[in-house]
Amino acid sequence: MTPKLSRRHVLRGAGVALALPWLESLAPRLAGGQTLPVSVRFIATYFPMGAASFWTPAKVGRGSEWSLSPILEPLAPLKSKLTVLSGVANAASAGTPAYPRDSAGFLTCAAAQGAPLRNGVSVDQAIAMGLYGEALPFRSLQLGLSTQDSGTEGLPPELSRGLSWHSPTNPMGKLIDPQAVFDMLVSAGGRLFQQPDPAAERRRVTRKSVLDFVLGDATAIQPRLSSTDRARLDKFMTSVRSVEQRVQSVVPPPGCTAPPRPLNAVAIGDVPADYDRDAHATVMIDLLVLALACDLTHIASFMFDDARSDFAYGFLKQRTFTATGSTPTATPVGAFRQHAEAGPANDGHATINRWFVTKLVELGQKLASLPDGPDTTLLDNSILWFGSGMNNAQDQSFWNLPLLYLGGGGRKLRTDAHISLPGRRLSDIYLTFIKRVFRLPDASFADSQSDVGELLV
Amino acid sequence: MAPSLTAVALCSAAALVGCGGKSLSGGKPDGGGLGDGGAAGTTDVSHGGFDGPLPGLDPGRVAIHRLNNLEYDNTIRDLLGIDNQLARMTFQPDEKGDFDNNAEAFTINDARYEQYFNAAESLAEAAMASPALRGRIVSCTTTADRACVEQIVRTFGARAWRRPLTDAEVGRFVSLAQELTAAGRMGDEVVTVVVQGMLSSASFIYRIEWDPDPASLAPHAVSPYELASRLSYWLWSTMPDAELFGLAETGQLAKPEVLVAQVRRMLDDARSDNLVESFGGQWLWARELKGHSVEPTAFHEFDEELRAAMADEQRLFFSTFLHEARPLRELPNADLNFVNARLAKHYGMDATGLGDLPVKVTNTADARKGYLGLAGLLTTTSFSHRTDPRTRARWIFRSLLCTELPLPPEAHWGPTPEAVSMATTIRGQIDAIFSAGPSCSTCHRLFEPDGLALESFDAIGRFRTVDDRGAPIATQLADGTPILDEQQLADRIAADPRFLSCAGQMALIYALGRQLVASDEPYLKELLTAWSESGGTLRALLESIVVSDTFRFRRGERP
């Protein structure tokens, strides 16, 4: 893959957006141009086969009471937006074969099976279905990385290569080809991404002048009317303003300038000779940010790798981990599963984990660079969920999962914390997102028992 | 004259349990409806002076008045020369009060304004792009010249906004033109946007009548230009023509004799067809025929050709009362039909010599007469597959007697008596209601026989001797209550003083574009007296309205 696919192409202009008052930059990003209350975004990201040692922070607490673990150390710039959860279990998904259930159960908290294919509804889809009022081009997006025919334990690959389930029998799959994702987003973004058309721009300016005139005229005559007629004219003016807002919204917002089309396609089983996993991850992250920044969707899931991945992470240099941090060596990392199954203390596994964390940070920082409401960023108004469906690939257990989130879900979730929740159900965490952050009426999710007050501000 | 009082009286003291039908002339916002009586009813209204409302009388006020879709289309046609029925074809359908020119009922929303705004853009561009139409807008040679643009603003603006623009308004348009010029627009481009601005503005989309003091309740005459619009939108559903504008400019229009002369001129003009369609069509439900469904399995004879012939007949029937010296009292029972070959066959008349075009016939030999016997009305007041005597009764009470049939009192909302639900025919049901005791029969007796009187006509208005179930058409109810036939009923209604009073109310509601309130009662009384003294034709009614103080005066309202 070519290094030209850098994020500056994708998010050209994002820096400009930072300088704009929030309403001006936000309002045009909304579909139809109306100013909606700030929406919360849910982005669930996943990595397979659990975490190595040195994932869990040494201390539980808030703010200065806790500090990052060696694997989580790249999150330092975002620590104030971060909460790590320890001790949470997903017993409902535990069982064999474990690998497909690692991914299939991560967002569903159900006991997935292959014949016949059956799982639960995933939390991202539960939220997407609840937000039916948000008429965005995509109700949700499923993206990720995958380059080879990773092992599926003889079960349907939908279990191992996807996270999102619209219904127990309807897996959403995921897209891995940057060109396909680009084409889909740009086509849905429509006029947001069109080249500036001088004739259309002229028309827009004229319409704006006419509407300004109509409003000025109505404002001038209004005091000469009686009270009930003033109220009637008020309605008229409200409608004029609403049309005016729509006329303005034709301008593509600075945060969503059309990027160039990615140069390389990626397909499962057809890995290009110059395949660059890191660049692939970056371009997929950039496309995800584009979709979120342009309000093409508010819900996404993202797989950093498939469940039983044998991908060779040779582009990474293995790091040596100690309780205080890690240092690089000259040895390339080998095949993922081989490291993961070698036991929790494996440095190769920890190095791969740490790479997932660096890519998460890349995503988080891009979201944190986009303003979204007064004094808040897109990251503040998101739940950027990150974790794995198993504890560790050696014991293949579904207890004490490696989990964390970035962003406060619109200032509803506690951040800068390490919270220990021993034995707490993963579905309870999801129920908390559904009920307390998205304020959906659902009373339960999968095998949930109650929402988790410890997470809330 | 108060219809609901009459209805209550008929209902008798023994039946006080709420079968007083509600008067159509609502009560809000200024007090009770006409039927509620009230202090105003005792005022002496014999004075018919034209110098201003009598002390203590209230001419009322009409809200700023958004053009309905018909008015919009006609106005665009007369203003720009573009007759494409844009609003009727593509805009949201109109809201409805009693009539679709009721100012209070008309609101605006974002989508509706966007329609006006988009229409203004495309209409302005279309008009300026056509050399012939451009001449209606551009009255000077060089549109690049600022003075020329200002002249267009004044001359075209006075027609678009139906009154001369104030200097401040002209100034705002000139600023808009300067802004456009600064942005690189030139000549006709600027004028196009100015026209777009005029058609997008409140003063075009609404008819606004200005009060010198919007917070004062003191009556004042509406301005001559406002009077011109009152006349033109009432009788033509469009903007004033050059003659009305000319009379407004000289101030002549305010004179009662000029107003009466204008009504006569305007009714003789073809544009008064709009009054027939809009006022007649809504008052007498003729407009409903277009969207009425007829079940083809029950009536395979019904087709669009027949529907069109029925609609023509209703229109021509009403039109007769506008253009012939025939008292409006005869509307329910005038023995007239307007038939083409198709409709004549439908009526069982001799179709010899008839073609596609409707011809006026008088046929005293058949069983039908009057508006009540028109196939279009009998169809519209039926269900798709059978007649519904109660809908027909409701039409008679509402349209001809201005009385809304009451809902049963709340105490009677329990289960229907078994005998009623077991009945297999409508008449059987009605018989059962009557025998269910006085709590039902007292009120039902008032209106059921009128609906049953039209049972000799099926759901597409054909004469018949047996009902939907094959039973002979009844002449009396089980308890002996007689049922009239259609001709007897038509004669009875024509002789009922409530009919003329109702016609007067309907005409006044339509003319004012608002509901009547208690304070209108003296004006209505005066109007009905003047009308009966001047011959009782529909024209005489409209001429009486135009000189009524409530048509020519208005007031502000309390803040």
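Quick note: numbers below take in every heavy atom, side chains included, and nothing from hydrogens, waters or symmetry partners. A note on names: the letters A, B, ... follow the listed sequences, proteins ahead of strands, and every chain is numbered from 1.
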Could you state the interatomic distance from [atom1] ([X]) to [atom2] ([Y]), rounded to the nearest 0.5 Å?
X	Y	atom1	atom2	result
B:Tyr113	A:Glu244	OH	CD	9.5 Å
A:Asp212	B:Leu176	CG	CG	9.5 Å
A:Ser239	B:Asp110	OG	CG	4.5 Å
A:Ile221	B:Ser203	CD1	OG	4.5 Å
B:Glu125	A:Arg203	CD	CZ	4.5 Å

Within 6.0 angstrom of A:Arg436 CZ, more than 12 heavy atoms from elsewhere: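 Atom CZ in A:Arg436 is not packed in, count stays at 12 or less.
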A:Lys208/B:Glu179 ion pair, N-O < 4.0 Å: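 Answer for the salt bridge query: no.
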Taking the side chain as everything from C-beta on, heavy atoms only, tell me whether [X] gets closer than 4.5 Å to [Y].
X	Y	value
B:Ser201	A:Val214	yes
A:Arg232	B:His65	no
A:Val210	B:Phe117	yes
B:Ile208	A:Leu225	yes

Nearest heavy atoms of A:Ser227 and B:Arg558, plus distance in Å: OG-O, 3.4 Å
Please determine, among [options], the option with the most heavy-atom pairs under 4.5 Å with chain A.
options	answer
B:Phe173, B:Tyr116, B:Trp210	B:Trp210
B:Glu169, B:Arg185, B:Gln196	B:Arg185
B:Pro559, B:Ser200, B:Gly556	B:Ser200

With a 4.5 angstrom heavy-atom cut-off, which part of [X] approaches chain A: side chain, backbone, both or neither?
X	result
B:Tyr206	side chain
B:Ala202	both
B:Arg112	neither
B:Ile64	both
B:Glu209	neither

Audit row: A:Thr238, B:Asn109, side-chain contact (heavy atoms from CB on, under 4.5 Å) steps and yes/no: CA-CA 8 Å; A:Thr238 303; B:Asn109 55 44; over 6 Å; no
Examine whether an atom of [X] lies under 4.5 Å from a heavy atom of chain B, and if so say whether it belongs to the side chain, the backbone or both; otherwise answer neither.
X	answer
A:Phe236	both
A:Leu215	neither
A:Arg230	neither
A:Arg207	both

Top contributor to chain B interface from A:Lys235, A:Met237, A:Arg241, A:Arg202 [non-hydrogen pairs under 4.5 Å]: A:Arg202
Sidechain-backbone polar pair: B:Glu557 side chain, A:Thr228 backbone, donor-acceptor under 3.5 Å: yes
Short side-chain to backbone donor-acceptor contact, A:Asp229 and B:Ala63, under 3.5 Å: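 Not confirmed, A:Asp229 side chain does not pair with B:Ala63 backbone.
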